[in-house]
Amino acid sequence: MQVAIASGKGGVGKSSITASLLYLLKDDYRFVAVDADAEAPNLGLLLGVEEWQEEREHIGAKVARISTESCIRCGICYERCPYESIYIDDEGNYVVNELTCEGCNVCGLVCPVAGTISLEEVRSGVIRKATTKYGFPIISAQLDVGRPESGKLVTEEKEWAKKAMEELNLEHMIVDSAAGIGCQVIASLGGADVAILIAEPTPASLSDVRRAYKIVQHFREPAYLIINKADLNPGFTALKEWAESEGIPILGEVPYDRAIPESMVMLKPVVEAFPESRAAKALREIAGRMKEILG
């Protein structure tokens, strides 16, 4: 199976919960973990990965280049760039800011001198692979600053993970998606067999998990909900009411527990660092229910 874990909102504890579930499932299943947050990958950190065994560059982004030799300095590209990515340097040359250029080629279309402005492919980021100290492989990605194609990076991550499943005879792929509902999340949820949504009992988290659930519905995937920091706002019942109205089963509730941030400082899942903590006990119950889903 391919399991995607999403939240819609950042900061609800998605990656820390994912790390603990991976730790609890490692002895019963053969799986590959995928950190699908290419803009801010941290699952490897929580699993103690110190060195990546294999890396590959992802080339695909495009940026504009202006030839100073044929440029007549008319300034049309400077005026028409929709992202204001063209500036004038100290020598009066028109130069493209690679960090903000989206490769839309508007500048090339309006330039009166053919061949002066071209689009060149550049690196979008890097995809990495390692074996965790717990024995299962992890695939991660790091998007370069200012580069697009985060969704394509995640798609390539998952393709690499599929090959690892074939080569290592693995059963499952567990994907820790990014926050929000952008390209990375769509790529994470696309092709999944089941989605696990993580939210906390706050209006902001409810609003965002609703949006993430719309993507899940688009792909017609069964969904489950984990409520983190469940006792932080006891008077807020709207999250459970929403889940009930949508027919989303609640896998479990994790209480607010200082053991979780302390375990993150130690770069360990809380179920390993503090196995007797309240959070760890709740996560073991959730892992048991996940086993029923994985079969």
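What's counted below: heavy atoms across the whole structure, side chains too, no hydrogens, waters or symmetry copies.
Side-chain N or O atoms of Ser205 include one that pairs as donor or acceptor with a backbone N or O of Glu200 at under 3.5 Å. A donor-acceptor pair is defined here as one N or O able to donate and one able to accept, closer than 3.5 Å; such a pair exists between the side chain of Asp257 and the backbone of Arg278. Formation of a donor-acceptor pair under 3.5 Å by the Gln184 side chain with backbone atoms of Val154 is not found in this model. A donor-acceptor distance shorter than 3.5 angstrom exists from the side chain of Asn233 to the backbone of Pro201, with no hydrogens or angles considered. Looking only at distances, no side-chain donor or acceptor of Ser207 sits under 3.5 Å from a matching main-chain atom of Pro203. The main-chain N or O of Pro275 is found under 3.5 Å from a side-chain atom of Arg284 such that the two form a donor-acceptor pair. A donor-acceptor pair under 3.5 Å is absent between the side-chain atoms of Ser15 and the main chain of Leu43, judged by distance alone. With hydrogens and angles ignored, the 3.5 Å screen pairs a side-chain donor or acceptor of Arg30 with a backbone N or O of Asn169. No donor-acceptor pair closer than 3.5 Å links the side chain of Asp231 to the backbone N or O of Pro255. Judged by distance alone, with hydrogens and angles left aside, the side-chain atoms of Lys268 form no donor-acceptor pair with the main-chain N or O of Leu47 at under 3.5 Å.
Remark: Lys26 fails to qualify as a cation-pi partner of Tyr29 under the 6.0 Å distance and 45° angle criteria applied to the six-membered ring. Cation-pi geometry between Arg56 and Trp160 is satisfied (NZ or CZ under 6.0 Å from the ring centre, within 45° of the ring normal).
When hydrophobic clusters are built by joining Ile, Leu, Val, Met, Phe, Trp and Tyr residues whose side-chain heavy atoms come closer than 4.5 Å, directly or via intermediates, Ile286 is grouped together with Phe31. Hydrophobic clustering of Ile, Leu, Val, Met, Phe, Trp and Tyr side chains at less than 4.5 Å, counting indirect connections, unites Tyr224 with Ile5. Residues Ile127 and Phe136 do not share a hydrophobic cluster, defined by chaining ILVMFWY side chains whose heavy atoms lie under 4.5 Å apart. The cluster map of Ile, Leu, Val, Met, Phe, Trp and Tyr, joined by side-chain heavy atoms under 4.5 Å apart, puts Val3 and Ile139 in different clusters. Cluster membership for Val96 and Tyr78, using ILVMFWY side-chain heavy atoms within less than 4.5 angstrom, is shared.
Between Gly103 and Leu119 the shortest heavy-atom distance is O-CD1, 3.8 Å. The heavy-atom pair separating Ser140 from Pro41 by the smallest distance is OG-CB, 3.6 Å. Closest non-hydrogen pair, Met266 versus Ala273, comes out as CE-CB, 3.9 Å. Minimum interatomic distance between Val270 and Ser277 (heavy atoms only, all atoms of both residues): CG2-OG, 3.9 Å. Closest non-hydrogen pair, Ala4 versus Ala192, comes out as CB-CB, 3.9 Å. Contact record, Gly125 with Leu153: CA-CD1, 4.3 Å, taken as the closest heavy-atom pair.
For the atom pair CD of Glu39 and SG of Cys183, the computed distance is 9.0 Å after rounding to the nearest 0.5 Å. With rounding to the nearest 0.5 Å, the separation of CG in Leu99 from OH in Tyr83 is 15.0 Å. Between atom CG of residue Leu46 and atom OG1 of residue Thr132 there is a gap of 12.5 Å, rounded to the nearest 0.5 Å. Of the inter-residue distances, the one linking Ile17 atom CD1 with Leu251 atom CG reads 10.5 Å to the nearest 0.5 angstrom. Note: Glu120 CD to Ile59 CD1 = 12.0 Å, rounded to the nearest 0.5 Å. To the nearest 0.5 Å, atom SG of residue Cys71 and atom CZ of residue Arg73 are 7.0 Å apart.
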Exercise. Between Thr68 and Asn93, is a side chain to side chain donor-acceptor pair (under 3.5 Å) present by the stated rule, with each step listed?
Worked result: CA-CA 7 Å; Thr68 56; Asn93 296 314; 5.4 Å; no
For this session: Under the side chain to side chain donor-acceptor pair (under 3.5 Å) rule, what do Thr100 and Ser85 come out as? Steps first, then yes or no, please.
Result: CA-CA 6 Å; Thr100 58; Ser85 297; 2.9 Å; yes
Problem set entry | Stepwise side chain to side chain donor-acceptor pair (under 3.5 Å) test for Ser70 and Thr116 | CA-CA 6 Å; Ser70 57; Thr116 296; 2.9 Å; yes
Problem set entry | From CA spacing to verdict: salt bridge (Lys or Arg N to Asp or Glu O under 4.0 Å), Arg128, Glu51 | CA-CA 10 Å; Arg128 308 171 294 193; Glu51 183 178 353; over 6 Å; no
For this session: Walk me through it: do Gln2 and Lys158 pass the test side chain to side chain donor-acceptor pair (under 3.5 Å)?
Result: CA-CA 10 Å; Gln2 187 181 137; Lys158 292 173 67 175; 2.7 Å; yes
For this session: Take Ile66 and Ile86 through the side chain to side chain contact (heavy atoms under 4.5 Å, CB included) test and state the conclusion after the steps.
Result: CA-CA 10 Å; Ile66 302 176; Ile86 297 176; 4.3 Å; yes
For this session: Kindly determine whether Lys152 and His58 satisfy side chain to side chain contact (heavy atoms under 4.5 Å, CB included), including the steps that lead there.
Result: CA-CA 9 Å; Lys152 289 185 178 180; His58 176 76; 4.1 Å; yes
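Annotation for Arg211: atom CZ does not count as buried by contact number, only 12 or fewer foreign heavy atoms lying within 6.0 Å. Atom CD of Glu54 is surrounded by more than 12 heavy atoms from other residues, nucleotides or ligands within 6.0 Å. Residue Arg80 qualifies as open at atom CZ: its count of foreign heavy atoms under 6.0 Å is 12 or below. A 6.0 Å sphere centred on NZ of Lys229 holds more than 12 heavy atoms belonging to other residues, nucleotides or ligands. Counting non-hydrogen atoms of other residues, nucleotides and ligands closer than 6.0 Å to NZ of Lys163 gives a total of 12 or fewer. For Glu91, the CD atom is loosely surrounded, since the number of other residues' heavy atoms within 6.0 Å does not exceed 12.
The side-chain heavy atoms of Val194 and Glu221, taken from C-beta on, include no pair separated by under 4.5 Å. Proximity of Cys111 to Cys77: side-chain heavy atoms (C-beta onward) are nowhere separated by under 4.5 Å. Taking 4.5 Å as the limit, every side-chain heavy atom of Lys62 sits out of range of all side-chain heavy atoms of Val122. At a threshold of 4.5 Å between non-hydrogen side-chain atoms, the residues Pro112 and Cys74 count as touching. At least one side-chain heavy atom of Met1 sits less than 4.5 Å from a side-chain heavy atom of Ile293. Proximity of Val12 to Asn228: side-chain heavy atoms (C-beta onward) are nowhere separated by under 4.5 Å. Using a 4.5 Å heavy-atom threshold, the side chains of Leu21 and Met290 count as touching. No side-chain heavy atom of Ile174 sits less than 4.5 Å from a side-chain heavy atom of Val34.
The other members of the hydrophobic cluster of Leu225, by chain and number, are Ile181, Val185, Ile186, Leu189, Leu197, Leu206, Val209, Tyr213, Ile215, Val216, Phe219, Ile227, Phe236, Leu239, Trp242, Ile248, Ile250 (side-chain heavy atoms under 4.5 Å, ILVMFWY only).
Between Arg210 and Glu246 there is no salt bridge, since no side-chain N of the basic residue sits under 4.0 Å from a carboxylate O of the acidic one. Checked for salt-bridge contact, Lys162 and Glu159 meet the test: a charged N lies under 4.0 Å from a carboxylate O. At a threshold of 4.0 Å, the pair Glu253-Lys240 counts as salt-bridged, since one of the basic side-chain nitrogens sits closer than that to a carboxylate oxygen.
Ring-plane geometry between Tyr134 and Tyr23 is classed as perpendicular, the angle between the planes exceeding 60 degrees on a 0 to 90 degree scale with a lower cut at 30.
Listed by chain and residue number, Asp28 satisfy the side chain to side chain donor-acceptor pair (under 3.5 Å) test with Lys291 (two or more places apart in sequence, or in another chain).
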